[in-house]
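Working notes for the structure below.
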There are 2 protein chains.
Amino acid sequence: MARRYDHSREEIQQLTLEKVSEILKTESVHSLSLRKIAKVVGYTPATLINIFGNYSGLLLAVNAESLDELHELSITALASEANALKKLHALANVYLSYACEHTHRWQLIFDHRMPEGEEVPHWHQQRIDLMFSLLDGCLQIIAPEKSSSERETATRVLWAGVHGICLLATEDKLFSKAHASGEMLIQSLIDNYLNSWC
Amino acid sequence: MARRYDHSREEIQQLTLEKVSEILKTESVHSLSLRKIAKVVGYTPATLINIFGNYSGLLLAVNAESLDELHELSITALASEANALKKLHALANVYLSYACEHTHRWQLIFDHRMPEGEEVPHWHQQRIDLMFSLLDGCLQIIAPEKSSSERETATRVLWAGVHGICLLATEDKLFSKAHASGEMLIQSLIDNYLNSWC
DNA sequence: TATTTTAATTAAACACTGTTTAATTAAAAT
DNA sequence: ATTTTAATTAAACAGTGTTTAATTAAAATA
């Protein structure tokens, strides 16, 4: 068989992202496969490869959507707080909430590895840089006297800490309810670190 | 063919761990496979499954060895410092050094996931708990007035932070030389966090 | 010592995986 | 109306971890 034209390229792409989203609501990253996705989308694996280049490209497209979601949530969280320190807390809690509520989507972002030899696409790196820049923006208001390299250090320390806490939370390595105690850890990290830093 | 008896069960296990070690010196976690390992060991995949239960069990055995290495390095690092704060720094730097120098082994510890339904073996969890307890021991000396739940929070924050920094370092997300700037981030994290915490 | 039982080892099959190839055919361009 | 282009698929390919059945050497038993 050949050329159906039930959907345009863009429609198949959109349809795929929706179906993967649905799967990730209940199933883990490791139970995902190109063939399984192709089946629920209603096209063959080869068609999805034709559209996304390869399986890695498909997952990357899912992750781009996730990062866009995270970015939008971050923007509204920032707008809802006046104080720069509170903005920073809000940012970290958006990150934790996303990790806890969309655990499999969140894990996919960091579980994904480029195939040997391929570079991370610039549009993907841009999305990550954008998230970092929001953090940096808060620190710029909190400590305007600091140099940009000092701020860069603090940004990375805070991101690493929050990310590590989210890893513990999503992997249920936190005794009590993951989200609640995750929030506590984040509060402790940010308050204590910044209290001394500036 | 059947029953060779070139090696005992223990010898094959030991041989396997050695060969995997060698492979991980140059190749990444994702290029590893049971069949590839079996080939270099000189036995068939089914033999390795007979010994380790399944592929996951084989990787778990590699990780147990890695955690033992990390533990031993930690013990000697602790012994080489008198001051409790310096001990803590030493501990964190052992972790970073191991991540940078044995990157693939280190990544395998955290990339590995139990198969659906199987629980983390207690002997593996014990090894992880042991590492956490070393950290907790330092904090106990640094801040004996704190409650054990307060210390638990600090332990987790510090571990999460150091782990996140190591992730950045091993994935070359750190502009300059990974190890050097990783050390800087860890210093910033520990000094600032503890400076405010106690 | 001869015989039975046990278990180590393997080849082959199984059910998957992502990707490539070649063929089909509908749509677009000429 | 004809040619070109490209969407789509089935099938093949090379790989994965695991299971099964057969072989056979070693250990246990008689």
Side-chain angles (χ1 to χ4, degrees), chain A residues 1-17 19-20 23-24 27-63 104 107-108 111-118 121, chain B residues 1-17 19-20 23-24 27-63 104 107-108 111-118 121:
Chain A
M1 325 192 171
R3 205 177 189 100
R4 284 160 38 180
Y5 212 20
D6 298 350
H7 307 91
S8 71
R9 252 159 170 278
E10 287 70 27
E11 283 171 332
I12 296 179
Q13 174 154 4
Q14 187 57 34
L15 201 70
T16 303
L17 295 182
K19 294 295 185 184
V20 172
I23 296 174
L24 287 178
E27 288 180 51
S28 119
V29 178
H30 310 284
S31 70
L32 219 55
S33 84
L34 176 60
R35 290 180 123 103
K36 192 189 274 186
I37 295 167
K39 188 160 283 177
V40 305
V41 170
Y43 281 79
T44 59
T47 296
L48 297 188
I49 283 191
N50 174 265
I51 287 172
F52 293 99
N54 52 28
Y55 185 46
S56 166
L58 192 161
L59 297 179
L60 221 45
V62 175
N63 286 343
H104 300 139
Q107 286 175 337
L108 184 58
D111 280 12
H112 180 261
R113 296 281 170 270
M114 281 292 145
E116 203 82 29
E118 275 185 49
Chain B
M1 324 191 170
R3 205 178 189 101
R4 285 160 38 180
Y5 212 21
D6 298 351
H7 306 90
S8 71
R9 251 159 170 280
E10 288 69 28
E11 284 172 333
I12 296 178
Q13 173 155 4
Q14 187 56 35
L15 200 69
T16 303
L17 295 181
K19 294 297 184 183
V20 172
I23 297 174
L24 286 177
E27 287 179 53
S28 122
V29 178
H30 310 284
S31 70
L32 218 55
S33 85
L34 175 61
R35 290 179 122 102
K36 194 189 272 185
I37 295 167
K39 189 160 283 175
V40 306
V41 169
Y43 282 80
T44 58
T47 295
L48 297 187
I49 283 191
N50 174 265
I51 287 171
F52 293 99
N54 52 28
Y55 186 44
S56 166
L58 192 161
L59 297 179
L60 221 45
V62 176
N63 286 343
H104 300 139
Q107 286 175 337
L108 184 59
D111 280 12
H112 180 262
R113 295 282 170 272
M114 280 293 144
E116 201 83 28
E118 276 186 48

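Chain identifiers are assigned alphabetically (A, B, ...) following the order of the sequence lines, protein sequences preceding nucleic acid strands; residue numbering begins at 1 within each chain.
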**Q.** Side chains of A/N54 and A/E118 in contact at under 4.5 Å (non-hydrogen atoms)
**A.** yes

**Q.** Nearest to side-chain heavy atoms of A/I49, which nucleotide of D/dT9, D/dT18, C/dT20
**A.** C/dT20

Q: Report the distance from atom CG of A/D6 to atom C1' of D/dT8, rounded to the nearest whole Å.
A: 10 Å

Q: In whole angstrom, give the distance that lies between atom CD of A/Q13 and atom P of D/dA7.
A: 13 Å

Q: Would you kindly give the OH-to-C1' distance between A/Y5 and D/dT8, to the nearest whole Å?
A: 14 Å

Q) Taking for each residue the nucleotide of DNA chain D bearing the nearest heavy atom, is the 5' side occupied by A/N50 or by B/S31? A) A/N50

(Q) Looking at B/T47, I'd like to know whether one of its side-chain N or O atoms comes within less than 4.0 Å of OP1 or OP2 on C/dA8. (A) no

Q.
Taking atom CD as the centre, does B/E116 end up with more than 12 heavy-atom neighbours from other residues, nucleotides or ligands that are less than 6.0 angstrom away?
A. no

Q | Rounded distance (Å) that lies between atom P of D/dG15 and atom CD of A/E116 | A | 16 Å

Q) What's the spacing between B/L108 CG and B/H104 NE2 if we round to 0.5 Å? A) 10.5 Å

**Q.** Minimal non-hydrogen separation, B/V29 against B/Q107, with atom names
**A.** CG2-CB, 4.0 Å

(Q) Using whole Å, what does the distance between atom P of nucleotide C/dC14 and atom CG of B/L34 come to? (A) 20 Å

Q) Which whole-number value in Å describes the distance from A/H7 NE2 to D/dT8 P? A) 10 Å

Q. Do you know the tightest heavy-atom contact between A/Y55 and A/I37?
A. CE1-CD1, 4.0 Å

Q: Starting from Watson-Crick (N1-N3 plus N6-O4 or O6-N4) and G-U wobble pairs under 3.5 Å, report the runs of at least three that DNA chain D belongs to.
A: C:1-30 with D:1-30

Q: May I have all residue pairs that pass salt bridge (charged side-chain N to carboxylate O under 4.0 Å, His left out) and include part of residues 36-54 of chain B, sequence neighbours excluded?
A: B/E27-B/K36

Q. Under the side-chain contact (heavy atoms from CB on, under 4.5 Å) test, which residues partner A/H112, sequence neighbours left out?
A. A/S56, A/L59, A/L60, A/N63, A/M114

**Q.** Rounded interatomic separation in angstrom, taking CD from B/E11 and C1' from C/dT9
**A.** 16 Å

Could you pull out every donor-acceptor pair under 3.5 Å between side chains of residues 41-53 of chain B and any protein atom, sequence neighbours left out?
from, atom 1, to, atom 2, distance (Å)
B/Y43, OH, B/R4, NH2, 3.4
B/Y43, OH, B/H7, ND1, 3.0
B/T44, OG1, B/T47, OG1, 3.3
B/N50, OD1, B/R9, NH2, 2.7

Q) Hey, does B/S33 reach any base, or is it just sugar-phosphate, or nothing, if we go heavy atoms under 4.0 Å? A) sugar-phosphate

Q.
What's the closest nucleotide to the side chain of A/A46 if the choices are C/dT9, D/dT18, D/dA10?
A. D/dA10

(Q) Which residues in residues 51-61 of chain A have a heavy atom closer than 4.0 Å to any atom of DNA chain D? (A) none

(Q) Taking side chain to side chain donor-acceptor pair (under 3.5 Å) as the definition, give me every residue that meets it alongside B/D111, ordered by chain and number, with sequence neighbours left out. (A) none

Q: Please work out if A/I12 contacts a base, only the sugar-phosphate, or nothing of the nucleic acid, heavy-atom cut-off 4.0 Å.
A: sugar-phosphate

Q. If you measure from CD on B/E10 to CD1 on B/I12, what distance do you get to the nearest 0.5 Å?
A. 9.5 Å

Q. Looking at residues at least two apart in the chain, or sitting in another chain, which of them share a salt bridge (charged side-chain N to carboxylate O under 4.0 Å, His left out) with B/R35?
A. none

Q. Can you list, by residue number, the residues of residues 35-44 of chain A that have a non-hydrogen atom closer than 4.0 angstrom to DNA chain C?
A. A/R35

